[in-house]
Structures are given as structure tokens and as C-alpha cells.
Number of protein chains: 2
Amino acid sequence: MRERKKQQTWLALHRAALDLACAHGVNEVTTEQIAAAAGVSARTFFNYFPTKEAALVGLRPDAISPMAAVLHAVPDGTSPLEALYVACSELLTDFIEDPELWRRRRELLTANAGLLRLASARNHNTEQQLAVIIAERLGCDENEDPYPSLVVGAAMAALRATIRFHGPHPETDPFDTLREAFDLLAAGLPAPDRFGE
Amino acid sequence: MRERKKQQTWLALHRAALDLACAHGVNEVTTEQIAAAAGVSARTFFNYFPTKEAALVGLRPDAISPMAAVLHAVPDGTSPLEALYVACSELLTDFIEDPELWRRRRELLTANAGLLRLASARNHNTEQQLAVIIAERLGCDENEDPYPSLVVGAAMAALRATIRFHGPHPETDPFDTLREAFDLLAAGLPAPDRFGE
DNA sequence: ACAAAAGTATGCAGTCACTGCAAGAATCTC
DNA sequence: GAGATTCTTGCAGTGACTGCATACTTTTGT
């Protein structure tokens, strides 16, 4: 019951931050305005987000990546690359569910250097989490064996490339693009002619 | 004459920031203290660095990645992956030349989340630069074609995995590890058994 | 149903990063 | 050495963020 109220105000703050930042620019909006737009006090804002940027990016305090959760659920026999494909698909599902939210997020990110920092830090964080899980699946240590970091990094690169490609090409199916990218990773990279529209 | 004085105070501020941060912790040192230790006024500090973190990292305003410069110099016929291998090797050369410096940097980075942000932002930045160059070499647009982002992201993943692996294994040759990782990228990823010591 | 307990929201006061402005000091040009 | 240029500095202000104390709301035990 309490949980639901918290989720509600969390989302309200996040959306308010996004709205105001899109309308007037990131540096032109204050935490007080965000709090007021969400219907809470200025002090409460900082009970939900440690920083203004965090509210804009939508960073949750616990910050367990949904991709990590999905990756955990993939059956054991699956190959690392295929398992990561499933995890990436999960994020893509989120992506096509509310493209407007993502479009605004991306708009803000490209316009503001500080936010870009935060976002890439978050990517780095989930990458670490995924590497740990992949290492577990393979029964090795992610510090002892470079393979988990490598395959996760490559998979995330595929995901980033897909999302980036989907921006100027909204008519394409992002799952197809992602599949193509993963096929390329599986087959070997130096064949650029097989790729693109 | 003026140039030399500027370089001098720049370095003085950077060293003072580093010293104080190492001694008392990043959040326990103020910009005023840094400025005082460097022998300039508090206001002057912000004439040299836009932010406290920038002074700690020693970020110069222009910040063109050395990897991008190396990548530019690689002859045209080389495949994207091979060209990126050369660029990554360049950074590895830096790495084995002064491992102590890198160790300290890494120490500060892992201890402080804010600095980690800045560092990963810089990584993201060079990744973008490299993607642009690769796109130029292939004669395509890095926004229209996902391949450049993909191959650059995979290459950077290989580099990160290599550096990460070299931490607990200083006796190994990082160039060998990097070569193995790139071979894996070229041949296709889902063969983890070929990898490791 | 009521009171205690636990969790949450808010206001207040303060620190510090960071900025624009305008005046003073150093450096360069002629 | 006078004047233009550039750098430094102090001042005053905004806004992010924190700790603390207080009031409110939801949950729990009886």
C-alpha cells in the first residue's frame, strides 16, 4: 500500500522533471519547480532522488538493472550471446512500449553533457552486473577471465547501436536490427557489407 | 610568457586538488582550499576548471582522444577491426609505460562515484569519436548505419576486458590478451572455451 | 477501536559549488 | 611610457544538497 504511493510519487517526480526540462531546458529548471509540479515539497524531492540529474535520467536508488533480472531468468543451457539477446530484447520491449518517454529522454541526453555522463555511468553499472551473471553461468570469475566482460560489452554495443539506429529510422523493427547485430557478433565482425538496410 | 604562467597555475591547481583529495577524501575538500593551496583566489579556480571534478581528473577543455588520433593515421586498406586493434594497442602502450599512475587513477575512480561518471563519460566520448572515424573510412554515416557503433563498441569492450584482466594478472602480456579478444571478435563470439589462460 | 510504533513529509537553517559583473593588476604592443 | 589586452580578484547572488527537528500517515499489537 505504502509501496504504491511511493512508486506513484517517484514517477510523478520523474515525469515532472522530464516535462519541465524539455520545455525550458535542463539548467533553467530548479528542483523546487519539479517538486511543486509533482505536488510534493522541495525537501521531499531529495528523499526520492539524490540529485537533480538522477530525477531526469530516472535513476532508481537501488538501481538493479531490469536486464540483469531477465538474464537471471534465462535457462542455463542457452549460450551467453543468446541469453544476452533475450536480456537486450527485454529492454527493447520497454523501449517500444513507451517510445515517447524514450524519445524525450534521448533528446535531453544529447542536449546536455552532464546527463550523458550519468547515463553512461548507469550503462557501465549494468554492464558490470551482466558480466557477473554471465561469469556465474559459465562457472568462471569475471576478474579471472576476460570473456564475460567481452561478450557483455559487445552485446551492449549491439543494443546501443540498435537504439541509435532506430532514432532516424522509426519505421524499422528494432528487434530485427538487434538480431542482425547479434548475428554479426556470432559470425564474426569484419563483414560490414552484410549490414544496413 | 603568459602561456607559461597559465600552464603553471593550471598544474598547481590540478596537483593541489589531487593532493588534498587523496589526503582528506574528495568530498571533504572545497574549491577554496584547492585555490588557497595553489596560491590563487577562489574565483580564479573557476577560470581554469568548470567544475571541481574536472580539476581532479585534470580534464583539459579540448580533450581530443589519443586513440582517435592513432586511428586517423592507420592506412586506408586496413579492416575496421584491425585498425581499431592498432588504436587500442596505442592506449595499452600508455598503460604499461606507467602502470603506477593508472593504478592510482583507478583507485580514486573506484572510491568516488562522481569521478567514475566523468571517466565513463570520457570513454563514451572517445567511442563516439572513433565511430565517426570508422564511418568515414567505410564511407557511410554513423547515424544511418549501426555497424560503426557496433564494431567500435565491441573493440572498446575488448580493451576494457583486457585492462580488467591485467589487474589480477600483471605477469601476462596485455597485447596477447588484446589480440586474443580481437581474434574472438573476428571469428565470432560464442566459443568461450577457446579463451582464458 | 485505540494507542504505540514505524515510516514518511515538511520546514528551517546552513554549507558549498558555481556564475555574472565590475574594478584592479599584470602583461603585451607600439 | 601610454594604451590596449588579458588575467585576477572581490562581491553578491542563485541553487543544489544536507542534517535536524517536527508533524503527519500508515501499520501493527492488543
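We name chains A, B, ... by the order of the sequence lines, and we start the count at 1 in each one.
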* When you measure from the side chain of B:Thr9, which nucleotide among C:dT27, C:dA17, D:dT8 comes out closest? -> D:dT8
* Asked: Can a side chain N or O of A:Lys52 be found less than 4.0 Å away from OP1 or OP2 on D:dG15?
  -> no
* Structure fact -> Out of D:dG15, C:dC16, C:dA9, minimum distance to the side chain of B:Thr30 belongs to C:dC16
* Return the value, rounded to whole Å, for the distance between atom CD of A:Gln33 and atom P of D:dG15. => 8 Å
* **Atom-to-atom span, CD of B:Gln8 to C1' of D:dT8 - whole angstrom** => 15 Å
* Asked: With respect to the phosphate group of C:dT8, does any side-chain polar atom (N or O) of A:Tyr48 fall under 4.0 Å of OP1 or OP2?
  -> no
* To do: For B:Glu136, look at atom CD and say whether over 12 heavy atoms of other residues, nucleotides or ligands are found less than 6.0 Å away.
  => yes
* Asked: D:dT5 C1' sits how many Å from B:Lys6 NZ, rounded?
  -> 13 Å
* How close or far is atom C1' of D:dA16 from atom CG of B:Asn27, stated in whole angstroms? -> 14 Å
* Report the distance from atom CG of B:Leu13 to atom P of D:dC7, rounded to the nearest whole Å. => 15 Å
* Asked: What is the distance, rounded to the nearest whole Å, between atom CG of A:Asn47 and atom C1' of D:dC24?
  -> 14 Å
* Do B:Val151 and B:Val70 share a hydrophobic cluster, counting only Ile, Leu, Val, Met, Phe, Trp and Tyr and linking them when any side-chain heavy atoms are less than 4.5 Å apart? -> no
* To do: Give a yes/no on whether any side-chain N or O of B:Thr51 is located under 4.0 angstrom from OP1 or OP2 of C:dA17.
  => no
* Asked: Checking A:Arg137 side chain against A:Ala83 main chain: does a donor-acceptor pair fall under 3.5 Å?
  -> no
* **5'-most by nearest nucleotide on DNA chain C - B:Val29 or B:Lys5** => B:Val29
* Asked: A:Leu20 CG to D:dA16 P: how many Å, rounded?
  -> 12 Å
* Asked: To the nearest angstrom, how far is A:Arg4 atom CZ from D:dT26 atom P?
  -> 13 Å
* To do: Give the ring-plane orientation class for B:Phe49 versus B:Trp10, where under 30° counts as parallel, over 60° as perpendicular and anything between as tilted.
  => tilted
* Got a sec? Which of residues 36-46 of chain B come in under 4.0 Å of DNA chain C, heavy atoms? -> B:Arg43, B:Phe46
* Taking atom CZ of B:Arg15 as the centre, report whether more than 12 heavy atoms of other residues, nucleotides or ligands fall under 6.0 Å from it. => no
* Structure fact -> Between A:Glu32 and B:Glu3, the residue closer to the 5' end of DNA chain D by nearest nucleotide is B:Glu3
* So, B:Gln33 side chain and B:Thr30 main chain: donor-acceptor pair closer than 3.5 Å or not? -> yes
* Reference residue B:Ile34; test side-chain contact (heavy atoms from CB on, under 4.5 Å); the match among B:Asp19, B:Leu18, B:Leu20 -> B:Leu20
